[in-house]
Structure formats: structure tokens, C-alpha cells
Amino acid sequence: MPKADDGELLLLDVPQTERVKTFKRIENPIWTNNKAKLIERYLYYFAWVTHHGTYIDGFAGPQRIENQDMWSARLVLANRPRLLRHFFLFDIDAIKVALLNQLKLDQPPLTKKEKRSIEVYQGDFNSNIREVLKAHPIKGKEATFCLLDQRTFECDWSTVEFIAQHKPAGHNKIEIFYFLANSWIHRAASKKNKPAMRRWFGNDGWEAFLALKSVARTVAFTERFTKELGYKFAYSFPIYGHDSNGGVRTMYSMIHASDHPKAPVLMHRAYQRAETVKEDKDQLELISRQAEKMKPCSDGAS
Ligand SMILES: C[S@@+](CC[C@H](N)C(=O)[O-])C[C@H]1O[C@@H](n2cnc3c(N)ncnc32)[C@H](O)[C@@H]1O
């Protein structure tokens, strides 16, 4: 397997490949430009399997205002059929919130059969999510996906805990797709960021965490979702980019935590197919049935 400039293995990091014994090795690595396509494709599968659902996006504004074609919230809203019923979109930046409100206005009218609500909230997600879920609690049976696509340290660990604990016991927890910075994490760890990093990590363990090598860091953080939050499954998906010397690096990982055995299988498929033509209804039926048979390992994270 080829190695990236920072010594990491390309395609899939070794610990993940060994854990996901039933998965084929990833053939089409996702690059930073295509991360939104991965999210779009996964939600396409998710909605097909659940036939309903809630999408929470904690950091929902477009990363690049000039490239709204690669904006996760926009792509997920554009998925058809429109099976997801509730959207909760958050951002702290007034300009991004204006874009989110415009996105809401731009949605084509619903047909009689379609049900959909879109709510946009401005402010710090870490406090807003508590208010919003207090006012609109998510029922145990409601399939819910939460994207935490922060830049580096904006999402507090207590917020991740709050989301994981929101649903009543005995139901699948809210699925989380969590952004873990990699290539610039040491650069971002400045003295002035220390309070934010403590909130992000949840305690002072961030110093020992940052001392780990890249792959070990990803494995350790992924394991927090199973060990600390009690998710049945947690896998990390590397997102690649080029560094200033033109070398290939894992820029960041997206950690997928879920309780549903189909979820990791479908995320793995989404990762492989994000850039291909979307499957039709018959193929989706088949994919859903195959995912049923293909149980992921449940003996740990990553
Ligand atoms: C990496 S971008 C999100 C990219 C987006 N998911 C996409 O597909 O293009 C991070 C966003 O988080 C917002 N943000 C930063 N801190 C925040 C906070 N505390 N609460 C809510 N939003 C925040 C930024 O304004 C920015 O729009």
C-alpha cells in the first residue's frame, strides 16, 4: 500500500481495515473537495432505509461561499425523493445564516405527499442545540443524523455527549458524523486556543492526545464514541488533500458513530460511491437488503 508524506498509509488506515473485516478495501479515497458528496450520498441511503428522519447540521454554513455546489446542507436538501422530514441547521456567522435562510427559501414547493420542515438558527451551536432539542425533543423512534463539521475545535465534547444522550434509553442514539482535524491540528493548538481545546476535548487530556501519532490519534478519538458514549459502532473515514509540497496527507477524518448495524455498511458504500451516479430505486432495495446481511464488527472502534 502506498504511503503518504506523513508516513500514513493511504486508502484506509491499517487499524480500520483490520477491524472492518467484512468491508472491501476503500478504492476511491475521498478528497477534501468531495466531502459534501460523501454526506449527500450517505443521507441518500439513510433516507431510503428509514423513509423518514431528522437531519441536524451544527456547523451548516457553506465552507466556501464561492463554491456552494459542494455545500453539504444544500446537497442533502436536494436529494430526491424528499424523505427526510426535519432539518435543523445552525451557524454562528450572520452571512452564513443569511445563506442558509436563502437556501430554505429556494426549496421547490412540497408535493401533497411530502412533509418537510427546515429551521435555521444563528449562534453558538454548543448552546443553541440544548435550547432547540428542549423545545423540539426527538422521539426515540425518529432516525436522526447529526453532522458536526467543525473547522477544528469549535464543537465542545459536552455537546457531543449531550447529543448522544438525547434519545430515551432503549432506542438507537442520534447518529453522529464528526470532523476530527489532522494535518493542521498541532498548528491550531496555540496557547490562546487552550480554553477552546479543553472544551473541545472535554478535559486536559488533549495534551497527551496531541502527542500521539496521527493514526493512533484517530483510533483513540474514534474509540471515545464507543467507550465513553456507548455507541455500538464507530469508524473513521480519512479525507485526503495535498500539503504545500504537493504530498498527499490525511487532512482530517470523519468519524461515524451509530447504533444501527446497517449504518457503517452504508457509510462505507457512500465513501466508495460518492462520486458515481446515484443508484436507482431497485438498486437501493438491493443495497438495503445486502447491508442487512453484512454485519460490521462490534468489538470496538475504528
Ligand atoms: C467547516 S464550515 C462547515 C462546512 C459545511 N458543512 C459545508 O458543507 O460546506 C464550519 C462552519 O461552522 C461555523 N461555526 C464556527 N463556529 C461555530 C459555532 N460555535 N456554532 C455554530 N457554527 C459555527 C462557521 O461559520 C462555518 O460556517
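FYI, side chains are in, hydrogens and waters are out, and symmetry mates aren't considered; it's all heavy atoms of this structure. One-based numbering, in listed order, for ligands and for the atoms of each. On a predicted model such as this, the values are computed, not experimentally measured, just so you know.
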Of all the atoms in ligand 1, which lie at a distance below 4.0 Å from a heavy atom belonging to Pro62?
9 (O)
Spacing of CE belonging to Met197 relative to CH2 belonging to Trp157, to within rounding of 0.5 Å
15.0 Å
Answer yes or no: does an N/O atom from Glu154 fall short of 3.5 Å to an N/O atom of ligand 1?
no
Is a donor from one side chain sitting under 3.5 angstrom from an acceptor on the other, for Asn182 and Arg217?
yes
Has ligand 1 got any nitrogen or oxygen that is less than 3.5 angstrom from a nitrogen or oxygen of Arg151?
no
Run the numbers for me: atoms of ligand 1, each under 4.0 Å from some heavy atom of Asp93, listed by number.
25 (O)
N or O pair under 3.5 Å between Lys96 and ligand 1
yes
Does the N or O separation between Ser72 and ligand 1 drop below 3.5 Å for any pair?
yes
Any nitrogen or oxygen of Gln63, side chain or backbone, less than 3.5 Å from one on ligand 1?
yes
Could an N or O of ligand 1 be found under 3.5 Å from any N or O of Ile92, whether backbone or side chain?
yes
Under 4.0 angstrom from ligand 1, any heavy atom of Cys155?
no
Using the six-membered ring wherever Trp is involved, compare the ring planes of Trp184 and Tyr252 and label them parallel, tilted or perpendicular (cut-offs 30° and 60°).
perpendicular
Specify the protein heavy atom at minimum distance from atom 5 (C) of ligand 1: its residue, its atom name, and the distance to 0.1 Å.
Gly61 O, 3.1 Å
Of all the non-hydrogen atoms in the protein, which one sits nearest to atom 3 (C) of ligand 1, and at what distance?
Phe59 O, 3.1 Å
Write out the residue and atom name of the closest protein heavy atom to atom 2 (S) of ligand 1, then the distance separating them to 0.1 Å.
Asp149 O, 4.0 Å
If the contact criterion is a heavy-atom separation under 4.0 Å, does Gly123 count as touching ligand 1?
yes
For ligand 1, which atoms, with element, lie under 4.0 Å from some heavy atom of Gly58?
21 (C), 22 (N)
Run the contact test for Ala36 against ligand 1 with a 4.0 Å cut-off on heavy atoms, strictly below, and give the result.
no
Distance only, no hydrogens: is a donor on one side chain within 3.5 Å (strictly under) of an acceptor on the other, for Asp91 and Gln122?
no
Atom pair CZ (Phe209) and CD1 (Ile185), whose distance is rounded to the nearest 0.5 Å
5.5 Å
Give a yes or no on whether the ring-centroid distance for Tyr55 and Phe46 is below 6.0 angstrom.
no
For Ile65, does the CD1 atom have more than 12 heavy-atom neighbours from other residues, nucleotides or ligands under 6.0 Å away?
yes
Worked verdict on Asp106 versus Arg74 for salt bridge (Lys or Arg N to Asp or Glu O under 4.0 Å)
CA-CA 10 Å; Asp106 290 344; Arg74 182 170 189 235; over 6 Å; no
Check: Trp200 ring centre within less than 6.0 Å of Tyr178 ring centre
no
Is it true that Lys35 and Glu40 make a salt bridge, defined as a side-chain N closer than 4.0 Å to a carboxylate O?
no
Shortest heavy-atom approach to atom 13 (C) of ligand 1 - which of Asp91, Asp124, Asn67
Asp91
Purely on distance, is any nitrogen or oxygen of Phe125 under 3.5 Å from one on ligand 1?
yes
Side-chain heavy-atom pair Phe87, Glu119 within 4.5 angstrom cut-off:
no
